[in-house]
Amino acid sequence: MNAKFINPFIHASLNLFKEYMDVDIKPGKPFILDDPYDLMGVSAIIGLAGETTGALVLSFSRETAIAMVSRLEGKTYIALGAEILDGVGEMINIIAGNAKKDLAEFRISISLPGIITGNNYRINWPHGVPVISIPYESELGSFSINVSIKEA
Amino acid sequence: MVQIRSIQVKLISAILIILALSVFLSIYFTITNQKNNLLDASQQTLSMNTQVLNHTIRNIMLSGEAPLANRTMRDLREMDDFLEYDIYRRDGSLAFSNYETMDFVNNFQDDVMFEKTPRLDGSMINDTGFEEVLRFKTPLVTLDEEAMEMEYYFPILNYADCRTCHGDDHFIRGISYFRISLSDIYSKLNSAGTILTLFFLAVGFIIFFWMLVMVRRIIVKPVFSIGGVVSRVGGGDLDTRIDLNQKDEFGELAGQINEMILGLKKSKLLEIENTRIEARLEESRKYLDNINEGLLLLNPDFTITNEVSSFLNKLFEKENLAGLHFTDFIYGENKASEEQKQEMEMFLDFLFNNKTAALSMIMEINPVHDMHLILESGREIIINGEFQRIFDGEDVQNVMVLFQDMTDIVIAREALESEKMMRESELEQIAAILQHGPQVFEDFILAADGVYNLLIENIDNLGDEEILARVFRDTHSLKGTARYLKFQRLEKISHELEEKFAALRAGGDESNGTEGAPEISGEKELIEEMGSEIDIVRKIVKRFKNFSIEPESGDPELSIFKTRLSEMVSEIADELDKKIVLAFKSNIESIPGLRKLQPALFHLVRNAADHGIEDTFQRVAARKEESAVLTLSFIMSEGELRIEVKDDGQGLDFSAIEEKAVEKGILDAGSHSSAEILKAMFTSGFSSRDQVSTISGRGVGLDAVQADVHKLKGKITVRTKTGKGTSFLITIPTVELESTE
């Protein structure tokens with residue numbers, strides 16, 4: 001679970017929120033996600049492969065997702081529809097694109113991000129590796145960045 | 001709308017008139033026809049009846065039964081329709097009104113053929129019809145429509161049979177006169193007429209309404225809708241269309257009008273476009289002439305268009321750029337290699353034609369970045385070029401290039417950098433002095449002065465091996481102290497000098513004179529720089545001496561030591577994404593012989609931070625606290641100083657150490673015990689540095705640490721637990737530390 005693989009995504013995410021969307025972000029203490037179901041309403045997944053394999057999941061509560069996409073696009077959405085999922089997809093694309101630059105020195109490839117939503121879904125994390133969840137508080141709501149990777 | 005209505009009115013009236021005419025004509029014609037036919041028919045009947053009657057009467061008369069004839073006639077008269085039925089003699093008198101004929105016949109026959117019977121009352125007939133029939137001896141029918149009567153005059157001719165009795169001197173005996181009432185017929189005609197009229201009127205109305213509906217549907221409604229749309233178009237709405245589905249001339253007309261509207265719309269849009277384009281062209285020309293940036297537009301063939309900002313002309317000191325190829329424009333007079341020109345072409349090609357790569361990636365190979373160009377006039381400029389694609393649908397129509405004159409900026413930037421460095425360094429020194437008091441710095445200045453003087457004295461004697469060795473050693477240690485005290489510039493100068501000396505030492509055997517000459521000049525400058533740096537430090541220190549600030553309580557050496565150590569740990573932590581808290585523990589105020597232990601302790605702490613402690617995510621994954629704790633404790637007891645460097649990291653990785661030892665040839669292949677592996681770790685050559693940097697020393701490893709500890713007659717042990725941490729324990733007898741060796 002090397003910070004050098006994870007930090008590019010954290011930095012890219014924070015960069016997106018702080019610089020691009022002008023949202024104040026406060027990180028909480030990272031902890032191990034014991035309950036694989038404990039993910040919020042909308043999740044965006046980036047898979048990693050190469051020198052390390054695993055997944056990075058940006059997880060938002062429904063309200064936060066709606067508020068974030070509204071801020072991102074300058075519109076006001078009130079329901080979780082296709083536009084929200086598209087908006088979250090946009091955000092995760094930007095994050096992945098930015099993180100790619102910092103990961104260029106390692107042999108890591110990133111998958112096309114995927115978005116899931118629902119009440120009770122479970123990500124297929126890699127076996128034998130704990131999932132670290134970093135909670136964040138923002139003016140638009142709470143979200144978490146969850147990561148689980150292992151050396152290939 | 002009024003027009004449409006009047007057409008309706010016109011049409012309606014026309015239809016109405018036509019229908020009315022036809023209805024009435026039909027009625028009239030039919031009725032008249034009927035009447036004539038009826039009349040003819042009744043006339044026929046009548047004539048036949050009369051003939052029958054005549055024949056009957058004649059035969060009766062012939063059989064000599066005149067009274068019978070009378071009686072018959074009387075009965076006939078009683079019939080409803082027979083208003084009058086008489087026979088008149090040719091002289092106008094009523095037959096059987098007197099015995100004249102009887103007398104004659106009796107006379108003629110010379111016999112009393114007929115008995116006298118009662119006579120009828122009669123009168124003379126005197127009218128034109130009678131006279132006419134008398135003359136022409138043909139039946140006559142007269143019709144009195146007003147009285148609804150028909151008169152029938154039937155001549156009774158003097159036939160051969162009659163002559164035998166009546167004589168043969170006349171052709172016509174008399175006239176039967178019938179007057180028939182036609183009222184029945186007329187009433188029948190009337191009722192027929194009424195029915196027919198009603199019938200025709202009804203049919204007429206039906207036809208009328210049906211025609212009305214058809215006219216409305218086929219003509220009026222289309223005309224309405226066409227009219228509506230046309231008026232809307234007149235009002236400016238070019239988006240309306242006639243919605244007519246008739247497959248006739250109206251439908252065609254509607255289609256043609258729709259096309260016309262479309263055409264109008266298109267031409268209007270074109271007009272608007274044209275005015276807009278013209279306005280825009282004007283604006284862009286104004287813009288190009290007034291902006292304070294170099295801007296030009298490129299065609300897909302990489303030539304420059306007419307759109308060039310005046311600022312650009314000034315910046316490049318060139319007019320008439322239109323049509324020039326971009327690469328020639330940029331590299332024109334400059335000595336650019338073929339390779340550079342090719343790079344530019346490739347870049348432009350990517351910009352215009354590559355649709356798959358993201359713009360940011362293409363920008364990575366933008367050659368116009370801090371590009372130095374020498375203009376025709378000899379002036380040198382530094383420019384940045386930003387390239388922006390301008391799309392026409394899917395294709396890149398033009399590329400806009402925005403030039404920024406960086407010359408002044410770059411110069412200013414560089415000046416600022418060096419200023420900043422100087423200021424920063426000064427600030428650091430000030431901060432350090434504030435923190436630790438000027439004493440330490442005064443000592444340093446003394447030492448630095450010493451080295452400086454040595455260098456000045458021996459600058460020409462560097463050929464001498466011994467002197468060179470001494471000079472090298474002193475510069476090296478000055479560098480270390482300068483680093484320790486954070487005199488970055490001095491450290492840098494010392495390092496450069498040290499490098500030069502090392503090079504001299506290495507190549508000194510061959511060249512002992514001529515080779516050395518160019519080297520010396522470089523060193524001289526460095527030495528002079530060193531001198532001025534030392535002066536600066538001296539000045540600062542002098543100023544602070546006047547403040548008479550109390551140094552921190554406690555041993556300043558220890559506080560510096562602690563500060564430097566914390567800084568090193570923070571640096572490593574930041575670099576490697578780790579969170580490390582450095583904790584100090586000691587049961588004494590000052591540590592004797594700290595200076596001797598300093599390098600070893602630094603090394604152990606660095607190792608722990610570098611290798612022992614995991615990054616934040618690894619720690620969280622292992623369910624540890626995000627922040628690692630590195631403890632450095634000094635415990636003085638029972639005549640010895642116990643120093644522990646403890647971390648709660650991942651512990652020593654024995655297999656990795658074993659592998660490295662085997663690699664370095666310290667251990668042979670195979671498995672080894674932990675004790676063996678640990679011993680290998682402390683062996684010289686285990687950690688050798690291939691590169692020399694200003695941070696690390698030369699080949700300082702755990703072997704050096706052990707050597708330092710042993711020099712002080714001390715011991716060093718290691719305890720480690722995988723996943724939990726490592727602890728290095730050094731014990732040194734106090735007496736050794738206190739000696740001022």
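All values below were derived from every heavy atom in this structure, side-chain atoms included, with hydrogens, water molecules and symmetry-related copies excluded. Every chain is numbered from 1, with letters handed out A, B, ... down the list of sequences. Predicted model, so just to flag it, every value in this text is computed and none were measured.
K4(A) and D615(B) get closest at one heavy-atom pair: N-OD2, 4.4 Å. Of all heavy-atom pairs between I32(A) and A621(B), the closest is CD1-O, 3.2 Å. Residues F617(B) and N7(A) approach most closely at CE1-OD1, 3.6 Å, considering heavy atoms.
Within 6.0 Å of CD on E139(A) lie more than 12 heavy atoms contributed by other residues, nucleotides or ligands. Atom NZ of K579(B) is surrounded by 12 or fewer heavy atoms from other residues, nucleotides or ligands within 6.0 Å. Heavy atoms from other residues, nucleotides or ligands lying under 6.0 Å from CD of E386(B) number 12 at most. Other residues, nucleotides and ligands contribute only 12 or fewer heavy atoms inside 6.0 Å of the CZ atom of R719(B). When the shell of 6.0 Å around CZ of F584(B) is examined, it contains more than 12 heavy atoms from other residues, nucleotides or ligands. Sparse packing is recorded around CD of E625(B), with 12 or fewer heavy atoms of other residues, nucleotides or ligands lying under 6.0 Å away.
Put simply, of G97(A), A3(A), P130(A), S148(A), the one with the most heavy-atom pairs under 4.5 Å next to chain B is A3(A).
Interface remark: I10(A) contributes side-chain atoms only to the contact with chain B (heavy atom separation under 4.5 Å).
One finds the CD1 atom of I134(A) at 7.5 Å from the CD atom of E626(B) (value rounded to the nearest 0.5 Å). Taken from CZ in R619(B) to CD1 in I132(A), the straight-line distance is 11.5 Å, to the nearest 0.5 Å.
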